[in-house]
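This is a predicted model, so every value here is computed, not measured. Residue numbers begin at 1 in each chain, while the letters A, B, ... track the order of the sequences.
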There are 2 protein chains.
Amino acid sequence: MNGPSLPARSRVTISQVAEAAGVSKASVSRYIGGDRQLLADATALRIEQAIERLDYRPNQMARGLKRGRTRLIGMLLADILNPYSVAVMHGVETACRQHGYSLVVCNTDRDTEQEIHHLAALRSYNVEGLIVNTLGHHAGELQSLHSELPMVLVDRKVEALEVDLVGLDNRDAVRQALDHLQQRGYRDLLLVSEPLDGTSSRQERVEAFKAEIARRPLLKGQALQTGDAFGAALRDFLAAPGPGPKALFAANGVAALAATRQLRELGCRLFEEIGLIALDDLDWYPLVGSGITALAQPTERIGTAALECLLGRLQGDREPPRQVDFKARLIVRGSTHPRG
Amino acid sequence: MNGPSLPARSRVTISQVAEAAGVSKASVSRYIGGDRQLLADATALRIEQAIERLDYRPNQMARGLKRGRTRLIGMLLADILNPYSVAVMHGVETACRQHGYSLVVCNTDRDTEQEIHHLAALRSYNVEGLIVNTLGHHAGELQSLHSELPMVLVDRKVEALEVDLVGLDNRDAVRQALDHLQQRGYRDLLLVSEPLDGTSSRQERVEAFKAEIARRPLLKGQALQTGDAFGAALRDFLAAPGPGPKALFAANGVAALAATRQLRELGCRLFEEIGLIALDDLDWYPLVGSGITALAQPTERIGTAALECLLGRLQGDREPPRQVDFKARLIVRGSTHPRG
DNA sequence: AGGTTTCATGAAACCGGTTTCAAGCAAACG
DNA sequence: CGTTTGCTTGAAACCGGTTTCATGAAACCT
C-alpha cells in the first residue's frame, strides 16, 4: 500500500484480472463490455470475483481507442462567468450523466485564440460530440470539426454552419416584454444589450425589438449597447422628453446588471422614474429595489435539449438541421409598476 | 469531402502521415513529441509538410495510453451553481490552459452518489490530477484515489485525508468582519451560514465567529443556519432587545442571498434597521439597497494556486501536505453604515 | 454412431500512438 | 585505411483495452 503523496502506483489492468481469474483478456473484456450473456456462468463468476478482489476499473481511454466511443462530450463556452452559460451547462451535465457520458467543459473567455485552442484540444480527446456556445468567428474550424462529429449550437447561430440549434424564441420573448411594458403604461423604451459582436441571439433581440416597435404606434423605442458611451447615452435617454413613461429592456442578465448599475450611478431612484424588464432571471433580481421583472429562460431544459439533440445525431439521425426554440416565461416584479 | 450531418469521417493517423512523408511512424512520433532535435532537418521538413497537407492532429488518448500523460486535470465541484465554485473553476481553467492541460469538470449537486460516480469516471479517464471541492463524505473513495494520483482540496477539508488544501484564511476573514462591524458601531451580531453539513470552511467560520465574539466584550453574537426555521429565527433576532445596533454576517454568497431575501420578506428596510456584511463578493452586491459590504475572496488566485500546487506534485514534489490560505479583502459599501 | 450446430473460449490482430533497440552511415580518430 | 564515435532512422514491442476468427467441446439431429 502506498502512503499519501506517493501516487503513481500503476493501476490494475485487464491482463492481471485475466490471469487472476484464469481466463483470457478477451473473456474479461466481454465481461466488462456487457456481453455477459456470451460467458458461461462459472466463468463470469470467476471474473467478477477477480475484479472485485483486485479492485479493477477499466481504462476508459484504452477502451475508446479501439471502440471509438469515449463517452465524452465536449462543451465550448464563450463565457463561463455568465450565469446563463452555467445554467445551461448544468442542464447539459445532468443529461450527460443520465446517459452515461462525461462532460469536458472549455471556456474561451470570449477569445478567438482560445476558441481555436480548445476546439483542437476537444478534438484530440476524441469527444463524441460537441455543444457550442461561442462567438464562432472563424467558422472554418467549426465546419471542419463538424465533418467529423455531431455538433449542437446553443443560443448563438454561427454563420454558414448548418447545425442543430437550441435556444430561445427571441421574437416571442421580445413580444412578451413589449406587451407587458405597453400594458403597464410604459411608452418610451430603451433596449440595452451587450455589444452585438456578431452574436446572433443579441442581434435577433435587437431586430425583433425594432420590428415590434415599428408595428406599435403607441411605443417609441431605441436600442443601445453597453460599453464606454453607455452612461452618457443612458443619461440622455432619461433626460429627453418622450411620449410617456420610460422603461429599459435589458436583453440579457449581463445587460441587466450593467443597466441597473448605471442607473444607480446616475442617481436614479430605481423603478420610480423608470421601469425595467430583463431577459434571463437571475437569483438576485428580487433583491434590487422593488424587484426586477424578468423573462426567464428555461436554461435547464435548453441544456438537456441540446444534449438530447446531440445524442440523436450520435445514434445516426441524418435529418436536416433542426432549430429548437423555447419560450421565455414572464415573471412580474416591482420594476414594472410605473410610479413605484 | 463529407457534407454536414455526416460525421464519422475517420481521422488522419500517424501511419498515414508517415507514409505520406516517406518515413516511419517512429519519426513522426518524434516530431510531434517535441524530440525534433533528434531528426535531420530534411526529415523534419518532410514530416511537417505531410502533417500540414493532411491536416493531421495526434490523438491525445492514444498518446496518453503509452505515455501515461493524458494532459487532463479533473475537478470535482459540489455545486456548480454557486458563483464561488465557478470563479475558482475559472481560475483553475485559466491556469490549466497556460500549462497545456485541459480540465474535466464534474458537478455533484451536493449528492454523494454522484460524487462516487464522478470520481470513478475521472479515474477511468486517466486524469493526471484532481482538484476537489466537495462534501467528501465517504473519504474512502478519495483516499484510494489519492494513492494513485495527486489531489488538491479547495475550500473544504476532508477528514482523514492528508492532502494539500487551498482556501481562505477563515479566521482572519472573520476577524476582519468583526473588526469592521465593531468599528462601525454594531454590537449585536448574527452569523448566517448554510447548514454546516460537515463542510469544513463553514464550520471554521462559525467557530472563528464564536471565538472572536467570546474575546470581544463589546459584542454579542450568535450563529444561525439557513433553512426552514430561518425566517422565524431571523424575526426573533430582529425583535429581541440587544446591546446595540444589529448586523448580520453572511458566511458566504448563498447565505447572503438567503439573508437579504429573508430580510425583505420580513419587511425590513434594508440596512437602516440592520447592517450586513457578506463573505464572497458577488457582482450584484452593489445593487442591493445601499450596497452590501463584502469580504472578497481571491477566487481566481485560489484556482490558480490549486492547480500550481497540483502541478508541483505531478513534478514529483513529495513534501508533506501543505495548506495555502489566502486573505479576504474588505470592500465597504452602504450596508455597514448604521442608520442608513 | 456419425454428422451438424451451437456455445464458450482463447490467440492474435488491431486501435493510434510511444519507446526501445539495433542497424546504417558518415565523420573523426589513430 | 581500419576503427570508433555520433547521428538518424526504422522495426518491433508495448500501452490497455476490443474484436475477429478459429477451435474444441457439448448438444442436437437423423
Do any N or O atoms from the side chain of [X] and from the backbone of [Y] form a donor-acceptor pair under 3.5 angstrom?
X	Y	result
E128(B)	R71(B)	yes
D317(A)	E319(A)	yes
T134(B)	L76(B)	no
T299(B)	A87(B)	no
Y101(B)	A95(B)	no

Interatomic distance where [atom1] belongs to [X] and [atom2] belongs to [N] [whole Å]:
X	N	atom1	atom2	answer
N126(B)	dG17(C)	CG	C1'	14 Å
I47(B)	dT9(D)	CD1	P	8 Å
I51(A)	dG17(D)	CD1	P	10 Å
Y31(B)	dG10(D)	OH	P	16 Å
D35(B)	dG10(D)	CG	P	15 Å
R11(B)	dG16(C)	CZ	C1'	10 Å

Would you kindly say whether [X] and [Y] are connected by a side-chain donor-acceptor distance under 3.5 Å?
X	Y	answer
S201(B)	D155(B)	yes
D109(A)	H90(B)	yes
R97(B)	N107(A)	no

Any residue of residues 57-74 of chain B with a heavy atom less than 4.0 Å from an atom of DNA chain D: L65(B), K66(B)

Check against side-chain contact (heavy atoms from CB on, under 4.5 Å), Y84(A) and I302(A): CA-CA 10 Å; Y84(A) 168 84; I302(A) 290 176; 4.1 Å; yes

Neighbour count >12 (heavy atoms, 6.0 Å) for atom CD, E19(B): no

Neighbour count above 12 (heavy atom, 6.0 Å) for E159(A) CD: no

Any T13(A) side-chain N or O less than 4.0 Å from OP1/OP2 of dG16(D): no

Any Y56(A) side-chain N or O less than 4.0 Å from OP1/OP2 of dG17(D): yes

B/S/- contact track for nucleotides 7-12 of chain C, protein heavy atom under 4.0 Å: -SBBB-

Terminal helix-axis angle for the helix from dA1(C)-dT30(D) to dG30(C)-dC1(D), with five pairs defining each axis and rounding to 10 degrees: 50°

